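All figures in this text were calculated on a predicted structure; none of them were measured in a lab.
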Amino acid sequence: MVSVSPSSAGENQTLRVGYFLKPSIHDFHFLPSHFYNSYETSTKLPLEIKYNGWRPPTEEWKTWVKKLQPKFEYLWIQTGIYGAIKASTYEIKRDDELILELASRWCSKRNTFVFPWGESTLTLEDTNACFGYSLLGCSVSNPLMNNEQVKAKEDLMEARRMFNSSKAKKVNQRAWMMYFMKTQIESKVEHEAFLVYWLSRFVFPANAYDTILKSVIPIAIHLAHGNRIALAPAILASIYRDLSLLNSVITINAITTMKSSSVTTIWAPFQLIQIWALERFLALNPRPYTIGHGLPKVARWGGVKVLKNKNLKNDLDCAGFENGFLWQPYANSLSVEAAYNENDMWKCYNPWWKQSKSNNERDNKRVKVEQHEM
């Protein structure tokens with residue numbers, strides 16, 4: 001596990017190895033009662049949950065990715081988003097029961113899932129390994145740096161205003177995609193619009209469902225201009241936030257006899273939670289697909305059917321006692337983001353480079369990424 005230490009302004013960030021202790025308690029009866037009250041909560045309740053952050057890819061989106069990949073693949077790798085863009089082309093079949101069972105075990109004070117055999121949680125490593133989101137780079141709130149980037153933002157904002165003035169009175173995601181994908185415009189502009197769509201639909205979906213978001217335009221411009229952005233921390237924070245929200249809803253519904261008429265909306269990409277569980281709990285046992293080297297773990301689960309598990313609660317509660325939980329599922333897999341410091345430069349070897357290229361050409365195509373402040 002690699003952790004990125006914070007740094008003050010003007011200093012280079014530092015990569016360090018993070019060490020984690022496995023739980024040493026092996027008997028359920030030695031755990032204090034508050035450790036397991038939360039996951040005794042029933043999830044067989046009249047809950048109405050909308051997973052608005054769980055967005056499936058459309059065929060048009062897959063076509064758009066294929067169209068732009070030959071020209072911009074190298075830039076995607078340089079900015080650490082290649083794996084994440086490819087991940088957005090896979091559809092994950094949602095297992096509602098599994099999501100609720102995990103959420104009922106969530107502890108918002110520690111941001112961990114609490115089981116009878118110990119605690120575990122999603123980490124930055126999961127966000128990177130499963131979906132390819134970058135651990136390194138500037139903050140998502142980093143301001144634009146020059147006049148060229150400011151001009152690009154103004155052009156995209158003008159495009160939004162054009163859609164707002166249409167009959168629909170909103171910037172519909174599909175309309176945005178079809179316009180920029182089909183219109184004969186400069187490829188650089190199309191790529192910026194492409195990234196705005198990707199961020200709006202798959203990375204930071206927000207309250208305005210199925211619309212293009214103003215808030216992601218600066219992030220898209222940074223990425224389009226070769227600036228790496230640390231997406232993983234922001235995404236993980238949104239998952240922690242919505243897990244706490246869902247846990248509170250489950251708890252409230254468990255202690256009331258009245259059926260709630262309210263709808264709980266989840267905006268974080270909860271696909272990551274499901275894949276986190278599938279990679280670790282052996283008893284869940286669906287059959288993942290075999291994937292090529294370098295692709296994020298989401299590719300293993302794209303299109304895999306959800307299997308009904310009658311013993312789901314027991315499987316989760318007993319996994320740690322029976323060696324049914326993998327603490328390090330990515331230990332023997334290739335790193336999605338292999339980076340190191342050499343002569344004051346970040347060098348990232350392209351693990352996704354096309355197999356058709358010769359070894360010598362791949363070796364010579366090293367991606368040099370400038371160091372960024374946190």
*So, the side chain of Asn247 versus the backbone of Ala103: is there a donor-acceptor pair under 3.5 Å, distance only?*
yes

*Please list, chain by chain and in numerical order, all residues satisfying side chain to side chain donor-acceptor pair (under 3.5 Å) with Trp54, sequence neighbours excluded.*
none

_For Arg160, all residues meeting side chain to side chain donor-acceptor pair (under 3.5 Å), sequence neighbours excluded_ = none

*Within the side chain of Thr127, is there an N or O that forms a donor-acceptor pair under 3.5 Å with the backbone of Thr123?*
yes

*List in chain and number order the residues that pass side-chain contact (heavy atoms from CB on, under 4.5 Å) with Thr112, two or more places apart in sequence or in another chain; answer none if no residue qualifies.*
Cys107, Arg110, Val114, Glu119, Thr121

*Taking atom CG of Asn323 as the centre, report whether more than 12 heavy atoms of other residues, nucleotides or ligands fall under 6.0 Å from it.*
no

*Evaluate side chain to side chain contact (heavy atoms under 4.5 Å, CB included) for Ile266 paired with Lys50, printing each intermediate quantity in order.*
CA-CA 6 Å; Ile266 302 298; Lys50 285 188 176 181; over 6 Å; no

*Got a donor-acceptor contact below 3.5 angstrom from the Glu73 side chain to the Gln69 backbone?*
no

*Contacts of type side-chain contact (heavy atoms from CB on, under 4.5 Å), residue Asp315, not counting sequence neighbours*: Ala283, Asn309, Asn311

*With a cut-off of 6.0 Å (strictly less than), are more than 12 heavy atoms of other residues, nucleotides or ligands near NZ of Lys71?*
no

_Between Glu148 and Lys188, does any side-chain N to carboxylate O distance fall below 4.0 Å?_
yes

*Between Met145 and Ile217, is there a shared hydrophobic cluster once you connect ILVMFWY residues whose side-chain heavy atoms come closer than 4.5 Å?*
no

_In this structure, would Leu102 and Val306 fall into the same cluster of hydrophobic residues linked by side-chain contacts under 4.5 Å?_
no

*Could you list the residues that satisfy side-chain contact (heavy atoms from CB on, under 4.5 Å) with Ala87, not counting sequence neighbours?*
Phe131, Pro296, Val298

_According to a hydrophobic-cluster definition based on side-chain heavy atoms being under 4.5 Å apart (Ile, Leu, Val, Met, Phe, Trp, Tyr only), do Ile252 and Leu243 belong together?_
no

*Would you confirm whether Lys67, through its side chain, and Met181, through its main-chain N or O, come within 3.5 Å as a donor-acceptor pair?*
yes

*Only one of Phe194, Tyr179, Phe72 passes ring-ring contact (aromatic ring centres under 6.0 Å, His included) with Trp64; say which it is.*
Phe194

*Under the side-chain contact (heavy atoms from CB on, under 4.5 Å) test, which residues partner Ser200, sequence neighbours left out?*
Gln173, Val196, Ile212, Leu213, Val216

*Quick one: name the residues clustered hydrophobically with Leu282, using the 4.5 Å side-chain heavy-atom rule over I, L, V, M, F, W, Y, and just say none if it's on its own.*
Leu326

*Between Glu279 and Trp301, a side-chain donor and acceptor under 3.5 Å*: yes

*Name all residues meeting the ring pair (Phe, Tyr, Trp, His ring centres under 6.0 Å) criterion together with Phe325; count only those two or more places apart in sequence or in a different chain, and write none if there are none.*
Trp117, Phe281, Trp327

*Heavy-atom closest pair, residues Ser134 and Gly80*: CB-O, 3.6 Å

*So do Leu156 and Glu192 actually touch side chain to side chain, heavy atoms under 4.5 Å?*
yes

_Going by the rule side chain to side chain donor-acceptor pair (under 3.5 Å), which residues pair with Glu186 if we only count those two or more places apart in sequence or in a different chain?_
none

*Going by heavy atoms in the side chains, are Tyr240 and Ser238 under 4.5 Å from each other?*
no

*Between atom CG of Leu278 and atom CD of Gln271, what is the distance when rounded to the nearest 0.5 Å?*
12.0 Å

_Thr58 vs Met177 side-chain heavy atoms within contact, under 4.5 Å_ = yes

*Where do Ser244 and Asn111 come nearest, in terms of heavy atoms and distance?*
OG-OD1, 4.4 Å

_With Trp176 via ring pair (Phe, Tyr, Trp, His ring centres under 6.0 Å) - residues at least two apart_ = Phe163, Phe180

*So Met162 and Glu158, side chain to side chain contact (heavy atoms under 4.5 Å, CB included) or not? Walk me through it.*
CA-CA 6 Å; Met162 176 185 71; Glu158 180 61 32; 5.6 Å; no

*Not counting sequence neighbours, which residues clear side chain to side chain donor-acceptor pair (under 3.5 Å) with Lys151? List them please.*
Asp155

*Got a second to check how far Leu316's CG is from Ser104's OG, nearest 0.5 Å?*
8.5 Å

*Answer yes when Arg174 and Asp210 have at least one side-chain N-carboxylate O distance shorter than 4.0 Å, and no when they do not.*
no

*SG on Cys130 to CD on Glu125, rounded to 0.5 Å*: 9.0 Å

*When you measure from the side chain of Asn146 to the backbone N and O of Gln149, does any donor-acceptor pair fall under 3.5 Å?*
yes

_Minimum heavy-atom distance Leu272-Asp126, with the two atoms named_ = CD1-O, 3.7 Å

_Intermediate values then yes/no, side chain to side chain contact (heavy atoms under 4.5 Å, CB included), Val203 and Ile235_ = CA-CA 7 Å; Val203 185; Ile235 292 167; 3.7 Å; yes

*Going through the distances and angles, do Asp95 and Lys93 end up as a salt bridge (charged side-chain N to carboxylate O under 4.0 Å, His left out)?*
CA-CA 7 Å; Asp95 187 338; Lys93 306 293 184 182; over 6 Å; no

*For the residue pair Tyr197 and Trp61, is the inter-centroid distance of their aromatic rings smaller than 6.0 Å?*
yes

*Kindly give the heavy-atom pair with the smallest separation between Gly226 and Leu75, and that separation in Å.*
CA-CD1, 3.6 Å

*May I ask you to test the Arg201-Pro56 pair for a side-chain heavy-atom distance under 4.5 Å?*
yes

*Begin with the C-alpha distance, continue with both residues' side-chain angles, and end with the deciding distance and a verdict on side chain to side chain contact (heavy atoms under 4.5 Å, CB included) for Val150 and Ile221.*
CA-CA 9 Å; Val150 172; Ile221 293 171; over 6 Å; no

*asked:* With a 4.0 Å cut-off on N to O distance, would you call Arg105 and Glu101 a salt bridge?
replied: yes

*Heavy-atom side-chain contact between Leu124 and Tyr133 under 4.5 Å*: no

*Would Arg228 and Thr79 count as having a side-chain donor-acceptor pair, cut-off 3.5 Å?*
no

*Centroid-centroid distance, Trp198 to Phe204, less than 6.0 Å*: no

*Quick one: does Asp96's side chain get under 4.5 Å of Tyr51's, heavy atoms only?*
yes

*What's the shortest heavy-atom distance between Gly53 and Pro205, and which atoms?*
CA-CG, 3.7 Å

_For the student: nearest non-hydrogen atoms of Ala277 and Leu98, plus distance_ = CB-CD2, 4.2 Å

_Is any side-chain heavy atom of Leu195 closer than 4.5 Å to one of Ile219?_
no

*Can you check whether Ala268's main-chain N or O pairs, donor with acceptor, with Asp242's side chain at less than 3.5 Å?*
yes

*Name all pairs fulfilling the side chain to side chain donor-acceptor pair (under 3.5 Å) condition that reach into residues 215-226, sequence neighbours left out, sorted by first residue then second.*
His222-Asn227

*If we only count heavy atoms from C-beta on, is the Leu223 to Trp76 side-chain gap below 4.5 Å?*
no

